[in-house]
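Notes follow the structure.
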Amino acid sequence: MTRLILSAASTVAVLLAAGCDRTPPAPETKSMSGAQLSVETQRCARGGAEAAKDPTCRAVRDENFDRFLGEDGKR
């Protein structure tokens, strides 16, 4: 049983070290103007279910939320 646990832990460690858990980087939304953010928000709103998986749409949603709450806003 100990070998199985060690084997599974080793496999997970190797996969994580290899970068198998990486997601594509989201664009820098902090530098977007209000107009640019609005355009991206509208594009994501039309994207439907696929927009939920899009890293750009996630970043835009988070940035809109942060701007709404202010710099120190807590979620």
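What's counted below: heavy atoms across the whole structure, side chains too, no hydrogens, waters or symmetry copies. Heads up: numbering here begins at 1 and tracks the sequence.
- The two atoms that bring Cys57 and Ala51 nearest to each other are CB-O, 3.3 Å, heavy atoms only.
- Nearest heavy-atom pair across Met32 and Glu28 is CG-O, 4.1 Å.
- Taking CD of Gln42 as the start and CG of Leu37 as the end, the distance is 10.5 Å to the nearest 0.5 Å.
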Atom pairs and distances, donor-acceptor, side-chain atoms in residues 43-50, under 3.5 Å, two or more places apart:
{"unit_1": "Arg43", "atom_1": "NE", "unit_2": "Glu40", "atom_2": "OE1", "d": "3.1"}
{"unit_1": "Arg43", "atom_1": "NH2", "unit_2": "Glu40", "atom_2": "OE1", "d": "3.0"}
{"unit_1": "Arg43", "atom_1": "NH2", "unit_2": "Asp54", "atom_2": "OD2", "d": "3.4"}

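- For the side-chain hydrogen bond (donor to acceptor under 3.5 Å, both in side chains) test, residues two or more places apart in sequence or in another chain that qualify with Thr41 are Asn64.
- Between Lys30 and Arg67, the shortest heavy-atom contact is O-NH2, 3.7 Å.
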